[in-house]
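In what follows, a structure is listed as structure tokens, so that the remarks can point back to it.
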Amino acid sequence: MPRLARKFFARDTRLVARELLGQILVHLGHDGVRRSGRIVETEAYVGPDDAASHARSGPDGRARLMWGRAGVAYVYLIYGLHHCFNVVTERDGFPGAVLVRALEPLDDTERANGPALVCRALRIDRGCNAVDLTESVRLFIEDAPRVADTRVRMGPRIGVDYAGDWAVHPWRLWIADSEHVSRRSRTGSGYNPAMLG
DNA sequence: TGCCGGATCCTG
DNA sequence: AGGATCCGGCAA
């Protein structure tokens, strides 16, 4: 199965977040086991002014990878015990990334309906940080059929209430009929992008 | 150098 | 509702 190439990621972050739905995230662990899952929920973090984004700490800060080459993994530790997996987007010099929030489990993978559970299920940790997904043989995203617009929902990002006006942007995207999205996406409302005026 | 708070999850 | 538990950023 072909993997997603750099030009897929080097676009508007919200578009990448939308088109990542349905694609297959694959990690070959140190134990040689292939673990994978279909991406069913994402969030977009875009631009230098997004108050919810780690990119706010600047091009030399914690999330400097977000300012760099699209298609690279940005993995960080949160709350001292969990990992979150992102893919860098946009052109060089403009920060952006998509957080993978939930997977439908495929090969040797346990439930992954939350960003930290995604990393736990696929054994992704900071050893995966800065890996180029377009070149790595152990961490990449396979190109799977595109999900129809009618199945997509969008709503505000989770856990970023501190970000003021930026918290209300509907930059969380998920597959409406998936059993494997996070609790908030399964029970929350959300709306269809096609219904936008 | 010290402190604060977080793109979370689980248990009670 | 609260605890677990580490690290980067910012204030002093």
Shorter than 3.5 Å, N or O on both sides, protein versus nucleotides 8-11 of chain C: list them out with atom names.
unit_1, atom_1, unit_2, atom_2, d
C:dG9, OP1, A:R62, N, 2.3

>> Quick one, A:E43 with A:R157, criterion salt bridge (charged side-chain N to carboxylate O under 4.0 Å, His left out). Give me CA distance, side-chain angles, the key distance, then yes/no.
In response: CA-CA 7 Å; A:E43 274 177 3; A:R157 295 173 293 181; 5.7 Å; no
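Listed by residue number, the members of residues 69-81 of chain A with any heavy atom below 4.0 angstrom from DNA chain B are A:Y76, A:I78, A:Y79. Across residues 117-125 of chain A, A:L117, A:R120 each have a non-hydrogen atom less than 4.0 Å from an atom of DNA chain B (numbered order). Sorted by residue number, the members of residues 85-100 of chain A with any non-hydrogen atom under 4.0 Å from DNA chain B read A:N86, A:L99. Looking at residues 158-174 of chain A, you'll see A:I158, A:G159, A:V160, A:Y162 sit with a heavy atom under 4.0 Å from some atom of DNA chain B.
For CG of A:D165, the number of neighbouring non-hydrogen atoms (other residues, nucleotides, ligands) closer than 6.0 Å is 12 at most. By the neighbour-count criterion of 12 heavy atoms within 6.0 Å, atom CD of A:E135 is densely surrounded, having more than that number from other residues, nucleotides or ligands. Other residues, nucleotides and ligands contribute more than 12 heavy atoms inside 6.0 Å of the CZ atom of A:R6. Dense packing is recorded around CZ of A:R62, with more than 12 heavy atoms of other residues, nucleotides or ligands lying under 6.0 Å away.
For the C1' atoms, the distance linking C:dG2 with B:dG5 amounts to 15 Å, nearest Å. Separation of the P atoms belonging to B:dG2 and C:dT5 is 22 Å when rounded to the nearest angstrom. Taking atom P on both nucleotides, B:dA7 is separated from C:dC10 by 14 Å, rounded to a whole Å.
Counting to the nearest Å, the P atom of B:dA7 and the CZ atom of A:R157 are 10 Å from each other. When rounded to the nearest whole Å, the span between NE2 of A:H83 and P of C:dC6 equals 11 Å. Remark: C1' of B:dG5 and NE2 of A:H54 are 11 Å apart, rounded to the nearest angstrom.
Taking the ring axis of A:F8 as reference, the NZ or CZ atom of A:R11 stays within 45° of it and closer than 6.0 Å to the ring centre.
Between A:V160 and A:W166, every side-chain heavy-atom pair lies at or beyond the 4.5 Å cut-off.
Side chain of A:T89 to backbone of A:T13: no donor-acceptor contact under 3.5 angstrom is found. Remark: side-chain polar atoms of A:R146 are not paired, donor with acceptor, to backbone N or O of A:E19 under 3.5 angstrom. Between the side chain of A:R151 and the backbone N or O of A:A176 there is no donor-acceptor pair closer than 3.5 Å. Distance alone, capped at 3.5 Å, is enough to place a donor-acceptor pair between the A:Q23 side chain and the A:A144 backbone. In this structure, the side chain of A:S136 does not engage the main chain of A:L133 through any donor-acceptor pair within 3.5 Å. Looking only at distances, a side-chain donor or acceptor of A:N129 sits under 3.5 Å from a matching main-chain atom of A:V75. Judged by distance alone, the side chain of A:N86 and the main-chain N or O of A:Y74 form a donor-acceptor pair under 3.5 Å. Remark: the backbone N or O of A:L28 is not paired with any side-chain donor or acceptor of A:R138 at under 3.5 angstrom. Between the side chain of A:T109 and the backbone N or O of A:D107, at least one donor-acceptor pair lies under 3.5 Å.
Using a 4.0 Å heavy-atom distance criterion, A:R184 is classed as making no nucleic acid contact. Residue-level contact check: A:A52 touches the bases, meaning some heavy atom is under 4.0 Å from a base atom.
For the strand DNA chain C, secondary-structure stems (runs of at least three Watson-Crick or G-U pairs, all distances below 3.5 Å) span B:1-6 with C:6-11, B:8-11 with C:1-4.
Between A:W171 and A:H169, the ring planes lie parallel to each other; the angle is under 30°, not in the 30° to 60° tilted range.
With salt bridges taken as basic N to acidic carboxylate O contacts below 4.0 Å, one links A:R34 and A:E142.
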